[in-house]
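Residue numbering restarts at 1 for every chain, and letters A, B, ... go by the order of the sequence lines. Scope of the values below: all heavy atoms of this structure, side chains included, with no hydrogens, waters or symmetry mates.
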Protein chains: 2
Amino acid sequence: MTSIQPGGSLIIAWQLKYKHVLVVGGGDVAAGRLQSVLATDATVSLIAPRDRLHPTVVALIKQFPQRVSYRDRAFKDADLDDASLVLTCIDDIDTSRRIVELCRARRVPVNAADIPNLCDFYFGSQIRQGPLQIMISTNGNGPKLANIIRRRIEATLPPHAGKAIENVGLLRAKLRQRAPGTGGELSKARMSWMSQVCESWSLDELALMDERIMERLLADGWELAADKKRVEASTTKPQLMA
Amino acid sequence: MTSIQPGGSLIIAWQLKYKHVLVVGGGDVAAGRLQSVLATDATVSLIAPRDRLHPTVVALIKQFPQRVSYRDRAFKDADLDDASLVLTCIDDIDTSRRIVELCRARRVPVNAADIPNLCDFYFGSQIRQGPLQIMISTNGNGPKLANIIRRRIEATLPPHAGKAIENVGLLRAKLRQRAPGTGGELSKARMSWMSQVCESWSLDELALMDERIMERLLADGWELAADKKRVEASTTKPQLMA
């Protein structure tokens with residue numbers, strides 16, 4: 001029997017490259033949403049009367065003129081036309097419900113702040129360190145506790161974890177250049193070699209890798225080991241780091 | 001200037017209650033996907049020839065007969081009809097691409113294993129403890145490192161964090177019963193009181209709360225304090241825990 005606890009959410013990393021997000025509202029909740037969206041590569045339209053804008057929203061509109069289009073007015077149905085994701089953060093529950101209905105009809109995912117039963121998805125408390133993203137969700141039970149747990153995780157997370165991940169991504173790209181192709185066996189050999197490097201090097205060591213170390217690791221570890229067992233790949237570490 | 005790092009994903013907790021998920025494929029990747037989906041409240045159709053099923057997939061089909069419909073055959077377009085989310089985990093890249101195109105036309109979110117540029121969303125490494133869910137994403141740079149970081153976080157996470165969150169959810173529901181309504185001021189007072197409880201009680205203490213303690217905390221902390229400043233609410237803790 002596999003141990004599975006039903007009742008949770010499907011936590012996923014939504015891709016927003018080349019996509020457009022609509023944010024309706026400009027208060028403190030909108031400020032948080034805008035920050036989350038700007039942490040991706042999406043462009044954003046933000047619709048809200050100017051006198052309702054939170055100072056952070058004003059600052060972000062100024063800071064990202066290429067990515068944020070601001071409209072000083074109330075929501076219009078046509079705002080949905082180019083949106084692939086919609087976030088409402090307004091006090092007017094009726095308008096919010098109407099926007100959700102319009103989104104359903106167009107099959108556009110939507111989050112309506114404060115109306116959890118109408119949301120296709122929820123947000124959580126987040127940590128970001130370069131390519132590393134960690135999300136803590138309490139499934140609506142306690143946003144405050146999510147923040148407390150986030151701070152605890154942040155305090156124990158190695159400060160160079162993001163850099164380590166960046167370097168592993170680079171090493172993997174270099175490995176794919178040396179051993180290209182998408183064959184089943186080759187794919188598995190690459191994955192297994194990368195796994196060994198990740199398991200036998202510490203996060204701090206991975207974070208310290210530079211181009212020279214990567215090239216030598218690939219030459220001595222991957223290519224010389226190609227005839228032998230790849231298990232030996234990681235043994236080249238001590239002399240590389242010395 | 002707000003410090004924002006673009007280039008990330010929007011990590012979200014997707015809601016799947018009353019929804020249906022289509023999984024195409026039955027190998028080891030499908031086994032992981034099936035576990036993630038069964039950890040929500042969704043129902044699932046899994047489409048794959050029986051001789052390709054991973055033992056975990058076979059076990060899960062048996063364990064969740066009410067939630068998993070299994071079809072011993074290849075994918076057909078009609079399989080998409082009732083799906084609100086699609087996950088392909090097959091070696092046949094052409095079929096996978098075709099499924100993604102069909103999903104795009106129907107605006108159904110899709111993840112195609114091993115074809116990252118076609119995915120609407122990615123998965124990451126996950127921790128689950130009752131209502132608590134933590135997701136670690138490296139944005140495709142190093143799935144192995146995501147696992148290593150997950151294990152580190154798991155090792156430092158208080159074992160009762162999930163129970164603490166469950167109790168805070170209960171306390172919040174009880175508070176809403178005592179002080180119902182959705183007014184702006186009342187909402188804020190409730191949120192601020194809950195925050196104080198979460199900040200001044202440790203996770204272990206929150207995990208130990210039972211019905212009696214919750215009722216006394218609400219009576220002494222919330223109601224008696226209603227005329228005074230609610231800041232005193234949390235001072236009732238020492239005698240409650242004694």
Taking side chain as everything from C-beta outward and backbone as N, CA, C, O, which of these in B:Arg33 sits under 4.5 Å from a heavy atom of chain A? Side chain, backbone, both or neither.
neither
Name the option with the most non-hydrogen atom pairs under 4.5 Å to chain B; the candidates are A:Lys19, A:Gln15, A:Gln129, A:Lys144.
A:Gln15
Can you tell me how far the CD1 atom of A:Ile4 sits from the CG atom of B:Leu34, to the nearest 0.5 Å?
6.5 Å
Please state whether the side chain, the backbone, both or neither of A:Leu16 comes within less than 4.5 Å of a heavy atom of chain B.
side chain
Chain A heavy atoms under 4.5 Å from B:Leu85: which part of the residue, side chain, backbone, both or neither?
side chain
Check for a donor-acceptor pair, side chain of B:Asn167 on one end and backbone N or O of B:Ala207 on the other, with a separation under 3.5 Å.
yes
Could you tell me which portion of B:Leu132 (side chain, backbone, both or neither) has an atom closer than 4.5 angstrom to a non-hydrogen atom of chain A?
both
What ring pair (Phe, Tyr, Trp, His ring centres under 6.0 Å) pairs are there with at least one residue in residues 123-148 of chain B, not counting sequence neighbours?
B:Phe121-B:Phe123
Determine the option with the most heavy-atom pairs under 4.5 angstrom with chain B, choosing from A:Ile127, A:Asp41, A:Asn111.
A:Asp41
For chain B, find which of A:Gln5, A:Arg107, A:Arg152 contributes the most heavy-atom pairs closer than 4.5 angstrom.
A:Gln5
How long is the straight-line distance from CG of B:Leu206 back to NZ of B:Lys163, given to the nearest 0.5 Å?
12.0 Å
B:Trp222 side chain near B:Leu175 side chain, heavy-atom distance below 4.5 Å
yes
So what's closer than 4.5 Å to chain A heavy atoms on B:Val108: side chain, backbone, both or neither?
side chain
Under 4.5 Å from any heavy atom of chain B, what part of A:Arg150 do you find: side chain, backbone, both or neither?
neither
Mind running side-chain hydrogen bond (donor to acceptor under 3.5 Å, both in side chains) on A:Gln126 and A:Ser36 for me, showing each step along the way?
CA-CA 9 Å; A:Gln126 301 222 15; A:Ser36 296; 5.2 Å; no
Relative to chain A, which segment of B:Glu199 carries a heavy atom at a distance below 4.5 Å: side chain, backbone, both, or neither?
both
If you define the side chain from C-beta out and look only at heavy atoms, does anything of B:Trp193 sit under 4.5 Å from B:Leu171?
yes
Residue selection (most heavy-atom pairs with chain B, distance under 4.5 Å) from A:Thr156, A:Leu203, A:Asp120, A:Leu170
A:Asp120
Under 3.5 Å, is there a donor-acceptor pair between the B:Thr95 and B:Asp92 side chains?
yes
Would you say A:Arg172 and B:Pro143 make side-chain contact, with heavy atoms under 4.5 Å?
yes
Select one option (side chain, backbone, both, neither) describing which atoms of B:Leu38 are under 4.5 Å from chain A's heavy atoms.
both
In this structure, CE of A:Met191 is separated from SG of A:Cys198 (nearest 0.5 Å) by 11.5 Å
Top of A:Gly169, A:Pro131, A:Gly140, A:Ala164 for chain B proximity - count of heavy-atom pairs under 4.5 angstrom
A:Pro131
Under 4.5 Å to a heavy atom of chain A? For B:Gln133 that would be both
What part of B:Pro116 is in contact with chain A, defined as an atom under 4.5 angstrom from a non-hydrogen atom: side chain, backbone, both or neither?
neither
Which region of B:Ile149, side chain (C-beta onward) or backbone (N, CA, C, O), has a non-hydrogen atom less than 4.5 Å from a non-hydrogen atom of chain A, or is it both or neither?
side chain
Sequence-distant partners of B:Asp81, salt bridge (Lys or Arg N to Asp or Glu O under 4.0 Å), two or more places apart
B:Arg106
Which of the residues A:Ile153, A:Val168, A:Leu145 is involved in the greatest number of heavy-atom pairs with chain B at under 4.5 angstrom?
A:Leu145
Does any backbone or side-chain atom of B:Lys17 lie under 4.5 Å from a heavy atom of chain A? Answer side chain, backbone, both or neither.
neither
Which residue out of B:Ala173, B:Gly162, B:Pro158, B:Ser125 racks up the most heavy-atom pairs below 4.5 Å with chain A?
B:Pro158
Side chains of A:Thr43 and A:His20: any donor to acceptor distance under 3.5 Å?
yes
Side chain from CB out, backbone as N, CA, C, O: work out which of these in B:Ile136 comes under 4.5 Å of a heavy atom of chain A, or both, or neither.
both
